[in-house]
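In what follows, a single structure is set out as structure tokens and then discussed.
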Amino acid sequence: MYQPKTLKQKVQNRVTRTKKTDVFLPRDFADLSGEDQVLRALRSLVHDGALLRLGYGVYARATRSRLSGRLMVASSNGFHSAALQALDKLGIPWEQSDSTRAYNEGGRRKSW
């Protein structure tokens, strides 16, 4: 017999299928249900260990660390990458530091 999927299952399926980002906001799931229900489903996924809460209304895909067994951000470059994705999704402008820019360009650091 057909069982309709719960909101939590729908949210988890979307998180699993999405490959271009590791960070999610409640508005990413607004088409599935109301805000309160989506927040409840996200909170449940955080409790289950599928997501981590980075801040108010910002969630990231989670994975277990092979070293410590604790949950960590499942992003290619760790928390830094997830934080930059979150800033982009929230529309907050940011720019790289001078040392990061120099490193990425292959240049040398200024000597002090």
Side-chain angles (χ1 to χ4, degrees):
M1 184 169 156
Y2 174 72
Q3 288 279 3
K5 289 187 177 184
T6 64
L7 179 60
K8 179 181 170 183
Q9 291 169 334
K10 290 178 184 178
V11 170
Q12 187 160 14
N13 285 343
R14 186 170 292 178
V15 167
T16 305
R17 284 192 334 253
T18 303
K19 301 295 180 197
K20 62 183 176 180
T21 185
D22 296 315
V23 176
F24 303 93
L25 305 176
R27 68 180 176 215
D28 295 335
F29 309 102
D31 61 319
L32 298 177
S33 188
E35 183 180 5
D36 291 338
Q37 291 83 6
V38 168
L39 288 172
R40 194 174 304 121
L42 291 170
R43 193 176 320 119
S44 178
L45 289 172
V46 168
H47 183 266
D48 293 346
L51 293 176
L52 283 173
R53 185 172 182 248
L54 298 182
Y56 184 76
V58 181
Y59 299 87
R61 191 176 288 133
T63 187
R64 288 237 175 247
S65 168
R66 290 183 285 172
L67 298 175
S68 67
R70 298 177 65 189
L71 287 177
M72 63 182 209
V73 176
S75 184
S76 59
N77 293 328
F79 179 77
H80 186 282
S81 174
L84 295 180
Q85 289 177 32
L87 290 174
D88 286 340
K89 279 196 157 201
L90 293 170
I92 299 171
W94 61 273
E95 58 184 56
Q96 294 177 339
S97 67
D98 293 336
S99 58
T100 303
R101 192 176 304 111
Y103 176 80
N104 289 338
E105 292 171 358
R108 298 186 60 131
R109 248 179 40 170
K110 294 179 184 176
S111 59
W112 303 99

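Keep in mind that what you see is a predicted model, and the values were worked out from it rather than measured.
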Looking at [X] and [Y], what are the two nearest heavy atoms and their distance?
{"X": "D22", "Y": "S76", "value": "OD2-N, 4.0 Å"}
{"X": "S33", "Y": "V38", "value": "O-CG2, 3.9 Å"}
{"X": "A82", "Y": "V23", "value": "O-CG2, 3.2 Å"}
{"X": "L71", "Y": "A62", "value": "CD2-CB, 4.2 Å"}
{"X": "P26", "Y": "G57", "value": "CD-O, 3.1 Å"}
{"X": "K8", "Y": "A41", "value": "CA-CB, 4.0 Å"}

[X] [atom1] to [Y] [atom2] distance, which is reported to the nearest 0.5 Å:
{"X": "K20", "Y": "Q85", "atom1": "NZ", "atom2": "CD", "value": "11.5 Å"}
{"X": "L7", "Y": "L42", "atom1": "CG", "atom2": "CG", "value": "8.5 Å"}
{"X": "Y103", "Y": "S99", "atom1": "OH", "atom2": "OG", "value": "11.5 Å"}

Within a 6.0 Å radius of atom CD on Q96, are there more than 12 heavy atoms belonging to other residues, nucleotides or ligands?
yes
Taking V15's backbone N and O only, do any of them form a donor-acceptor pair with R61's side chain (distance below 3.5 Å, no angle check)?
yes
For Y59, the option from L45, L52, L51 that meets side chain to side chain contact (heavy atoms under 4.5 Å, CB included)
L51
Pair T18, F24 - check side-chain contact (heavy atoms from CB on, under 4.5 Å), show working.
CA-CA 10 Å; T18 303; F24 303 93; 4.0 Å; yes
Is there a side-chain contact (heavy atoms from CB on, under 4.5 Å) between V73 and L54 once you walk through the steps?
CA-CA 9 Å; V73 176; L54 298 182; 4.0 Å; yes
Between Q12 and D48, is a side-chain contact (heavy atoms from CB on, under 4.5 Å) present by the stated rule, with each step listed?
CA-CA 11 Å; Q12 187 160 14; D48 293 346; 5.7 Å; no
Determine whether L67 and M72 fall in the same hydrophobic cluster, where Ile, Leu, Val, Met, Phe, Trp and Tyr are linked whenever their side-chain heavy atoms lie under 4.5 Å apart.
no
Spell out, yes or no, whether L39 and L90 are grouped together once hydrophobic residues are joined by side-chain heavy atoms under 4.5 Å, including indirect joins.
no
Quick one: do R14 and D28 make a salt bridge, cutoff under 4.0 Å?
no
Taking it one step at a time, do L32 and Q37 satisfy side-chain contact (heavy atoms from CB on, under 4.5 Å)?
CA-CA 9 Å; L32 298 177; Q37 291 83 6; over 6 Å; no
